[in-house]
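Lettering of chains follows the sequences in order, A, B, ..., and the numbering in each one begins at 1. These numbers come from a predicted model, not from an experiment.
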Number of protein chains: 2
Amino acid sequence: MKHKYEEVEESIINWAVTAKFKPHEKIPTESELMKMFNVSRHTIRKAIGDLVSMEYVYRIQGSGIYISDLAEDKENLKNTKNVAVLTTHISNYIFPSIIKGMEDTLYLESYSLLLSSTNNNVMFENSNLKNLLAHKIDGLILEPTKSAYPSQNIGYLNNIISRNIPFVTINASYSELNVPSLRVDDFKGGKLAANHLISLGHTRLMGIFKVDDSQGINRMNGFISECQSNNIPPSPWQILTYLSEEIGSSLPSKIENALKTKKRPTAIFCYNDEIAYITLTIANNLNIKIPEELSIIGFDDSHLAVMMQPNLTSISHPKEQMGKDAANLIIKLINNNNSFDAGDSILYEPKLIVRESTCKNIAKH
Amino acid sequence: MKHKYEEVEESIINWAVTAKFKPHEKIPTESELMKMFNVSRHTIRKAIGDLVSMEYVYRIQGSGIYISDLAEDKENLKNTKNVAVLTTHISNYIFPSIIKGMEDTLYLESYSLLLSSTNNNVMFENSNLKNLLAHKIDGLILEPTKSAYPSQNIGYLNNIISRNIPFVTINASYSELNVPSLRVDDFKGGKLAANHLISLGHTRLMGIFKVDDSQGINRMNGFISECQSNNIPPSPWQILTYLSEEIGSSLPSKIENALKTKKRPTAIFCYNDEIAYITLTIANNLNIKIPEELSIIGFDDSHLAVMMQPNLTSISHPKEQMGKDAANLIIKLINNNNSFDAGDSILYEPKLIVRESTCKNIAKH
DNA sequence: ATAAATTTGTGCGTATGTATC
DNA sequence: GGATACATACGCACAAATTTA
């Protein structure tokens, strides 16, 4: 047997959803409800109080109890699922491709998509996570911010896990958390890039790496590993590292200095196509010919690669597909009560795309 | 003097935010609270009941009352504003540019951005609006869906207005609603395109227009108006209209048929660069040389324009700037208690960008 | 325009049920 | 099993806002 207040609540919700009483229409008074349900005023007040906090009805002192204007939709809303997507960027660079994959997939399955971005700023990741937790979300696709460092927001992520909200990461993963991740094999990508340059006869290699996310660290380690395998011991000046915040400030002059040295590199592997573009521009200003005097290879195979002159050799990976896969996985988890195993994670194979910005080493030693 | 239950609530909220009791920590029992505040059990239960529905605390029958894990953040969340953005698309075509403008601006002002898309589907606009209304949003930037037709979702939009939630539209506007709108002068854009083709000596003009959004209607009217001003009376076969849903299905064959006619046009104005690209591809297949045998002009000056061979002549307008302006306007409205006037709307001036896809008419008559 | 009636809001007391420890 | 603590339920009195006569 149900509690009495529950019976009252269910009846009134029923009035609302069947439009027996329409939005803003007055329903019976407390004393009438007492008689109708044969219960005390306390019970009626408890029931109405619950309905008010659920926003099915609202009360006006001295006037009456009225149906809320959203009451009819409440039941439908229970069936529309919200997937939150929190990435470092939304509208820049390769992110539209990734998000397009998610958007298309989620649209087909009638899911709603809530997108936010962190600008690779931990504080913003924090406030966005809080915000999402306050909303009712049914799943979360997260690109970790500053993934090279231990996450300061691990508490919120654990909160999501403890609430059993389906949760997957893209582009990077958390060693502390057991959640499926979809990411590129950046280590292998770094090896591929180094191998390409070495096979072209280059020995004075340089790598430029972002070191505040794990993608950069992995690409750097792959690059160094491949150099060592080919007996090209990496020396400190071969590796230029930077943080996200430096892109607009100190990084360009660092690159310029590296290109001004007498024994400048004959080939550079850049963290991504954006850095490759910056490097190309600096080389142009220094009258260094690409690729004859300097080979440049990027990463991500973005639209920038074919917009640059010369077209950029780059490491490619399936961006839109990762978005699709992430969306399909989160849908699967939502339908499966969040049960997953190691097989749900995907490590994408990077692929070398040779264009015009790399060529055989013709420097005189 | 406050009500007693309010005093109890405030004290307990204070315990939570000052971390006198930490998340998941047990607070005094109901009878202890009765003694502490010198009130009845009923008053304590009323206070705790409110705090439960506000998610500051949770109760376990037989055990006690505990601080919720989000309690500490509740106060901060009141200060983070959420701006919802609902557009037809997010990650396609010119939308990343528009959204980048919003994202950058809102990020700088510490606003959170909630993005959703409708795919130009009225049902999806409907469910997304419901969803946003259920969430707590502080402002809405909306691109109307199927803006050539009277909006079926006008009820929800009126709901937003009656709640005094700041609300602006982009790309199109609602004649039924008094809200600021930021949009391109599509009529003038249509005139510009027609004028360019006519000034190149073309007289057999054709226009391809999407007619389920007002942008297409306005561009068509501008095109026709300019033709008439130049004594080139538009005949039915000069105007090809289509609906969003036809792009992947019947539209290409319609275009192909138009290009196969004996007296085919010597110049075509396309609703946007995507349609221009489709038209160009069809023309290529029919061995029609662009621009020698057929001039093509697009609209939007998207990235497609410079990716096509030959580069596309197009009508340009400030996309990222519109995003920035929309974000700044919604921030202003949020800070100004939603007071606006006609001066807040912006009509952007379209600009002709001549590239390689249009040339003088050299067809023999 | 005012007073009375109606309706919701606050607050106290009591009894009994049920889950936890 | 017993004590504790929250949950449900009834009743009463008065306050405050609104509606109606």
Side-chain angles (χ1 to χ4, degrees), chain A residues 1-16 20-71 162-163, chain B residues 1-16 20-71 162-163:
Chain A
M1 167 60 181
K2 287 272 170 60
H3 294 298
K4 294 184 178 180
Y5 76 90
E6 286 177 314
E7 294 230 348
V8 177
E9 287 179 19
E10 280 166 21
S11 299
I12 296 175
I13 288 175
N14 201 257
W15 295 349
K20 176 171 177 178
F21 293 93
K22 291 171 190 61
H24 305 295
E25 194 175 341
K26 194 171 185 292
I27 68 169
T29 65
E30 289 182 355
S31 21
E32 284 167 330
L33 291 170
M34 284 168 68
K35 284 168 199 153
M36 290 172 69
F37 291 98
N38 199 25
V39 294
S40 70
R41 178 154 180 242
H42 176 95
T43 303
I44 295 297
R45 281 195 65 76
K46 156 77 175 161
I48 300 295
D50 287 351
L51 294 176
V52 167
S53 74
M54 288 187 286
E55 293 187 292
Y56 278 101
V57 301
Y58 60 94
R59 294 188 274 210
I60 300 176
Q61 185 177 156
S63 174
I65 305 163
Y66 303 84
I67 302 290
S68 143
D69 50 8
L70 287 169
S162 69
R163 291 177 192 217
Chain B
M1 167 61 184
K2 285 277 168 56
H3 295 299
K4 293 186 178 179
Y5 75 92
E6 285 177 313
E7 293 233 344
V8 177
E9 287 179 20
E10 281 167 21
S11 298
I12 295 175
I13 287 175
N14 200 257
W15 295 350
K20 177 173 176 177
F21 293 93
K22 291 172 190 58
H24 306 295
E25 193 175 343
K26 193 171 185 292
I27 67 170
T29 66
E30 290 182 354
S31 21
E32 285 168 328
L33 292 170
M34 284 168 67
K35 283 169 202 153
M36 289 173 67
F37 291 97
N38 198 26
V39 294
S40 71
R41 173 141 185 253
H42 177 92
T43 302
I44 294 297
R45 281 196 64 77
K46 156 76 175 160
I48 300 295
D50 288 351
L51 294 176
V52 166
S53 74
M54 288 188 285
E55 294 188 291
Y56 278 101
V57 301
Y58 60 95
R59 295 190 272 209
I60 299 176
Q61 183 177 160
S63 174
I65 304 163
Y66 303 85
I67 300 291
S68 144
D69 48 9
L70 288 169
S162 69
R163 291 177 191 215

Looking at [N], I'd like to know if its phosphate oxygens (OP1 or OP2) sit under 4.0 Å from a side-chain N or O belonging to [X].
X	N	result
A:S63	D:dT19	yes
B:T43	C:dC12	yes
B:K4	C:dC12	yes
B:R45	D:dC6	no
A:T29	C:dT6	no

Q: Tell me which nucleotide among C:dT20, C:dT8, C:dC12 gets nearest to the side chain of B:S40.
A: C:dC12

Q. Closest nucleotide of DNA chain D for B:G62 versus for A:G62: which of these residues is on the 5' side?
A. B:G62

Q | More than 12 heavy atoms from other groups under 6.0 Å of CG on A:N38 | A | no

To the nearest Å, give me how far apart [atom1] ([X]) and [atom2] ([N]) are.
X	N	atom1	atom2	result
A:R41	D:dC10	CZ	P	14 Å
B:R59	C:dA19	CZ	P	16 Å
B:F37	C:dT10	CZ	P	17 Å
A:Y5	C:dT16	OH	P	21 Å
A:H42	C:dT16	NE2	P	16 Å
B:K46	C:dG13	NZ	P	18 Å
A:H3	C:dA19	NE2	C1'	12 Å
B:E30	C:dA19	CD	P	16 Å

Q) Relative to each other, are the rings of A:F21 and A:W15 parallel, tilted or perpendicular (30° and 60° limits)? A) tilted

Q | Spatial distance of atom CG (B:L51) from atom CD (B:E10) [nearest 0.5 Å] | A | 10.5 Å

(Q) With rounding to the nearest 0.5 angstrom, report the NZ to CD1 distance, A:K22 to A:I67. (A) 10.5 Å

Q: Please work out if B:I48 contacts a base, only the sugar-phosphate, or nothing of the nucleic acid, heavy-atom cut-off 4.0 Å.
A: nothing

**Q.** side chain to side chain contact (heavy atoms under 4.5 Å, CB included), paired with A:Y5, selected from A:K46, A:R45, A:H42
**A.** A:K46

